[in-house]
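Treat the numbers as computed from the prediction; the structure is a model and nothing was measured. This chain uses plain numbering: 1 for the first residue, then up along the sequence. Each ligand, and each atom within it, is numbered from 1 in the order the structure gives.
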Amino acid sequence: MKFFLDTANLEEIRNAAAFGIADGVTTNPTLISKEGNVDFKEHIAAICKIVSGPVSAECTSEDAQGMINQGREYAKIAPNVVIKCPLTREGLKATNTLSSEGIKVNVTLCFSAAQAILAAKAGASFISPFLGRLDDIGENGLVLLSDIVEIYRNYTWPTQVLAASIRHPIHAIEAARMGADIATMPFKVIDQMFNHPLTDKGQAQFLADWHKSGRQ
Ligand code: E4P
């Protein structure tokens, strides 16, 4: 399973890249706006300089033609830019056109297996089911992820399953267990994945014993 960073923060992306686990980046308008008044295209270009894998840049037009225009423009920023389109009727029209032009599309805001099937048929390169936001309304996001992985296995659709809206390490572990192609996570969740009290305790003990024996 690939790890994408779900952030537009350059420092977080650099930190994850230092661990060798930044296979790509997903951004959205909310994440970009958290970075202040940055120039969108320049900021995406800066991310693409840190990460060589897919970097998602989200369209903000509401109609298909507007998304197609934005997608064509953003795709010129760097070869690894992926265009994010919402799972709406207009979004899938744009997905179909952009994909047919060889521009990769990540279809976002997926909340049902039916929607995931439509996105694959439209030519999406990635489908992003949102786990955490389903959990938030009392539905099980992991069940949706499992359904999509199972359905996609029946076909040779090139669409990769990108588990999104990941809130904690259990989401990441279960996505890996199910065989999701990618999990996109906030830096905080990747950081949480390191933690185990026995690792800290064991390391402290090893070093204490080492120094107690007079070694430096
Ligand atoms: C995915 O590409 C989205 O940017 C993201 O995972 C949304 O996560 P959230 O529900 O935590 O905002």
Side-chain angles (χ1 to χ4, degrees), residues 1-10 12-13 16 21-35 38 40 43-44 46-48 50-51 53-61 67 70-71 74-75 77 80-88 91-92 94-95 98-99 103-112 115-116 119-120 122 124-146 148-149 159-176 178 180-193:
M1 183 172 78
K2 290 183 178 160
F3 274 35
F4 285 8
L5 263 290
D6 197 25
T7 181
N9 184 274
L10 299 181
E12 289 183 345
I13 296 167
I21 52 180
D23 298 313
V25 170
T26 50
T27 69
N28 63 38
T30 303
L31 294 173
I32 293 284
S33 67
K34 280 188 188 160
E35 299 310 304
V38 293
F40 177 65
H43 201 76
I44 295 291
I47 295 173
C48 290
I50 305 170
V51 172
V55 172
S56 288
E58 188 154 345
C59 292
T60 48
S61 285
M67 288 185 227
Q70 286 185 320
Y74 300 160
I77 298 172
N80 51 329
V81 166
V82 169
I83 306 306
K84 232 174 168 188
C85 290
L87 215 159
T88 59
L92 288 197
T95 298
L98 292 169
S99 300
I103 295 172
K104 289 191 172 162
V105 178
N106 172 4
V107 175
T108 190
L109 292 169
C110 173
F111 293 98
S112 78
Q115 291 179 325
S125 294
F126 304 93
I127 182 68
S128 291
F130 276 37
L131 311 187
R133 292 194 195 188
L134 275 176
D135 293 355
D136 289 345
I137 60 158
E139 288 187 35
N140 190 335
L142 286 168
V143 170
L144 170 63
L145 183 64
S146 163
I148 296 172
V149 169
T159 317
Q160 295 186 58
V161 181
L162 195 170
S165 187
I166 285 187
R167 300 278 166 76
H168 46 68
I170 298 290
H171 275 153
I173 294 164
E174 290 307 313
M178 288 169 196
D181 298 291
I182 306 150
T184 189
M185 289 169 266
F187 184 79
K188 182 183 156 216
V189 175
I190 292 177
D191 200 50
Q192 287 171 334
M193 290 177 77

Test applied, salt bridge (Lys or Arg N to Asp or Glu O under 4.0 Å); reference residue, Arg167; option that passes from Asp6, Asp135, Asp136: Asp136

Minimum heavy-atom distance Ser112-Leu144, with the two atoms named: C-CD1, 3.4 Å

Test ring pair (Phe, Tyr, Trp, His ring centres under 6.0 Å) applied to Phe187 - qualifying residues, sequence neighbours left out: none

Matching residue for Pro86 among Thr60, Asn28, Thr95, Leu109 - test: side chain to side chain contact (heavy atoms under 4.5 Å, CB included): Leu109

Distance dump, ligand 1 polar atoms to protein, N/O, under 3.5 Å:
{"residue": "ligand 1", "atom": "2 (O)", "partner": "Lys84", "partner atom": "NZ", "Å": "2.6"}
{"residue": "ligand 1", "atom": "4 (O)", "partner": "Asp6", "partner atom": "OD1", "Å": "3.0"}
{"residue": "ligand 1", "atom": "4 (O)", "partner": "Asn28", "partner atom": "ND2", "Å": "2.7"}
{"residue": "ligand 1", "atom": "4 (O)", "partner": "Lys84", "partner atom": "NZ", "Å": "3.3"}
{"residue": "ligand 1", "atom": "6 (O)", "partner": "Asp6", "partner atom": "OD2", "Å": "2.7"}
{"residue": "ligand 1", "atom": "6 (O)", "partner": "Ser165", "partner atom": "N", "Å": "2.7"}
{"residue": "ligand 1", "atom": "10 (O)", "partner": "Arg133", "partner atom": "NE", "Å": "2.6"}
{"residue": "ligand 1", "atom": "10 (O)", "partner": "Ser165", "partner atom": "OG", "Å": "2.7"}
{"residue": "ligand 1", "atom": "10 (O)", "partner": "Arg167", "partner atom": "NH2", "Å": "3.0"}
{"residue": "ligand 1", "atom": "11 (O)", "partner": "Arg167", "partner atom": "NE", "Å": "3.4"}
{"residue": "ligand 1", "atom": "12 (O)", "partner": "Arg133", "partner atom": "NH2", "Å": "2.8"}

Polar side-chain atom of Thr159 near backbone of Ala124 as donor-acceptor pair, under 3.5 Å: yes

Residue among Ile47, Ile44, Ile103 satisfying side chain to side chain contact (heavy atoms under 4.5 Å, CB included) with Val81: Ile44

